[in-house]
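Input: a single structure, listed below in structure tokens.
In this text, all values refer to a predicted model and were calculated from it rather than measured experimentally. Note: hydrogens, waters and symmetry copies are ignored here, and every other heavy atom, side chains too, is used.
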Amino acid sequence: MKKITLEQIQQKNPGLSYQELVQYIYGRVEQQKWKPVVASGTNGKKPALYRAYWILEEETDYTALEEELEYSLCPAISIDYYLKHLDQYEKDRKWIRKLDLYLRADCGVPGAGKISMNERSFEIWGREKFLRQEQGKKILKRCGVDLERLGFYDTSEPLAYYCHDRDTPQNLLIIENKDTFYSMRKFLMESPDARRKIFGKQFGTLIYGAGKAIYRSFQDFAFAAEPYMRRSGNQIYYFGDLDYEGIGIYERFCTLFGDVQEIVPFQEAYQRMLEKARG
């Protein structure tokens, strides 16, 4: 409820006499659109008016929407949340109806005809960014529809890497820090010896990890990386910042992908880092 004062009512109706103002206010009260704020007291005139009134909001009739939820949507959409929040269903309705059409067409089968997230989002709602940046994921959650049901894949940033050679098996080095990546790449590119070593170890490929971004970019490694990078016998090393965050990134990275590919710390580089720190 909202509150309006007698003074505000008078300001909004400057042409009314006091008797007309009384009739106007009494009429609103009788119609149950306003309710006196008893604690505000009266104005001391006859007939008396309260100094403030509650504006009673009209209750919306959601019967039609409730019936639509119960009888019109396909079974793949859960209606539990919206039956308890009919006002929210009224706001989300146009997006839910589009989702309903898509699911009824039997297109949302996990793993069948996968396309990118933006393409699927446009196909269903006519908006490329509806899933990634707008309210798409929130609406799916309210509808009890898993993302996998929509049969899309997420596109990640491609790996940024420098290929010194494609010989296999070879050592690949993931470098968290951009400056370090550029320095080591420059070192290999300017080397007259094609097999020049970094801290005693030969590397055929340097990969820029970009901190936590490596989680997303590496998830497509199995099918997006060049064939030589995925050959059995290759060894992947990791070199990042030697602080809590840097160590945490490496540990998380191993947790996510360690069962696919062994990833070991580039110990010689970490040891050299500690020696410089001592100096």
Side-chain angles (χ1 to χ4, degrees), residues 114 116-118 129 131-133 137 146-148 152-279:
K114 282 194 172 185
S116 73
M117 178 189 286
N118 286 359
K129 306 298 182 183
L131 264 176
R132 188 183 301 277
Q133 297 178 3
K137 291 181 180 178
D146 293 331
L147 289 173
E148 290 76 13
F152 64 81
Y153 56 81
D154 197 4
T155 51
S156 58
E157 292 296 323
L159 280 175
Y161 65 93
Y162 164 67
C163 174
H164 193 59
D165 64 64
R166 288 179 169 79
D167 298 339
T168 56
Q170 68 165 255
N171 295 323
L172 298 86
L173 177 61
I174 296 174
I175 305 168
E176 175 193 340
N177 189 282
K178 184 187 293 185
D179 288 347
T180 310
F181 172 78
Y182 274 91
S183 297
M184 289 189 175
R185 186 185 69 166
K186 184 173 183 293
F187 176 75
L188 293 181
M189 291 176 66
E190 295 179 351
S191 172
D193 181 2
R195 304 297 293 175
R196 191 172 183 183
K197 298 178 179 180
I198 299 176
F199 299 127
K201 197 177 295 294
Q202 291 179 341
F203 291 99
T205 303
L206 304 179
I207 300 172
Y208 174 45
K212 295 179 181 178
I214 190 62
Y215 305 153
R216 288 177 58 83
S217 57
F218 204 78
Q219 67 185 3
D220 296 333
F221 184 82
F223 65 88
E226 290 191 49
Y228 84 89
M229 298 169 69
R230 295 182 274 111
R231 293 272 168 80
S232 61
N234 288 349
Q235 178 60 64
I236 297 181
Y237 290 84
Y238 185 90
F239 181 48
D241 292 343
L242 195 54
D243 56 16
Y244 285 113
E245 184 174 5
I247 295 170
I249 292 173
Y250 168 71
E251 290 180 338
R252 175 65 174 161
F253 184 46
C254 289
T255 300
L256 292 173
F257 304 105
D259 58 339
V260 178
Q261 173 74 48
E262 184 185 17
I263 305 160
V264 298
F266 185 15
Q267 294 186 34
E268 292 82 357
Y270 283 113
Q271 289 167 353
R272 180 62 180 140
M273 189 189 298
L274 289 172
E275 290 171 6
K276 288 181 69 69
R278 293 192 190 98

Cationic N near anionic O, under 4.0 Å, Arg272 to Glu275: yes

Contact summary for Pro265 and Tyr250, nearest pair of heavy atoms: CD-OH, 2.9 Å

Check ring pair (Phe, Tyr, Trp, His ring centres under 6.0 Å) between Tyr237 and all other residues, then give those that pass, not counting sequence neighbours. Phe203

Which atom pair, heavy atoms only, marks the closest approach of Thr168 to Tyr228? CG2-O, 3.5 Å

To the nearest 0.5 angstrom, please state how far the CD1 atom of Ile263 sits from the CZ atom of Phe253. 4.0 Å

Check side-chain contact (heavy atoms from CB on, under 4.5 Å) between Ser183 and all other residues, then give those that pass, not counting sequence neighbours. none

Hey, what do you get for CG (Asn171) to CG (Asn234), rounding to the nearest 0.5 Å? 8.0 Å

Grab the two heavy atoms, one from Pro169 and one from Gly233, that are nearest each other, plus how far apart they are. CB-O, 3.4 Å

Once salt bridge (Lys or Arg N to Asp or Glu O under 4.0 Å) is applied, do any residues pair with Lys186, and if so which ones, sequence neighbours excluded? Glu190

Please enumerate all residues that pass side-chain hydrogen bond (donor to acceptor under 3.5 Å, both in side chains) together with Arg231, with sequence neighbours excluded. none

Considering residues at least two apart in sequence or located in another chain, which fulfil the side-chain hydrogen bond (donor to acceptor under 3.5 Å, both in side chains) criterion with Tyr162? His164

In chain order, what residues pass the salt bridge (Lys or Arg N to Asp or Glu O under 4.0 Å) check against Glu268, with sequence neighbours excluded? Lys201

So does Glu262 get a backbone contact from the side chain of Gln235, meaning a donor-acceptor N/O pair under 3.5 Å? yes

Check the orientation of Phe266 and Phe199. Use parallel for under 30°, tilted for 30 to 60°, and perpendicular for over 60°. tilted

Return the set of residues passing side-chain contact (heavy atoms from CB on, under 4.5 Å) with Glu245 (not counting sequence neighbours), or none when no residue passes. Lys212, Asp243, Ile249

What is the distance from atom CG of Leu147 to atom CG of Leu131, rounded to the nearest 0.5 Å? 7.0 Å

Are Cys254 and Tyr238 packed together at the side-chain level, in the sense that at least one heavy-atom pair is separated by less than 4.5 angstrom? no

Tell me which donor-acceptor pairs under 3.5 Å the side chains of residues 172-182 have, and how far apart each pair is, sequence neighbours excluded?
| unit_1 | atom_1 | unit_2 | atom_2 | d |
| --- | --- | --- | --- | --- |
| Glu176 | OE1 | Asp241 | N | 2.9 |
| Asn177 | OD1 | Asp179 | N | 2.9 |
| Asn177 | OD1 | Thr180 | N | 3.3 |

Check salt bridge (Lys or Arg N to Asp or Glu O under 4.0 Å) between Arg185 and all other residues, then give those that pass, not counting sequence neighbours. none

Looking at residues at least two apart in the chain, or sitting in another chain, which of them share a salt bridge (Lys or Arg N to Asp or Glu O under 4.0 Å) with Lys129? none

Please name the pair of heavy atoms, one in Tyr270 and one in Gly240, separated by the smallest distance, quoted to 0.1 Å. OH-N, 2.8 Å

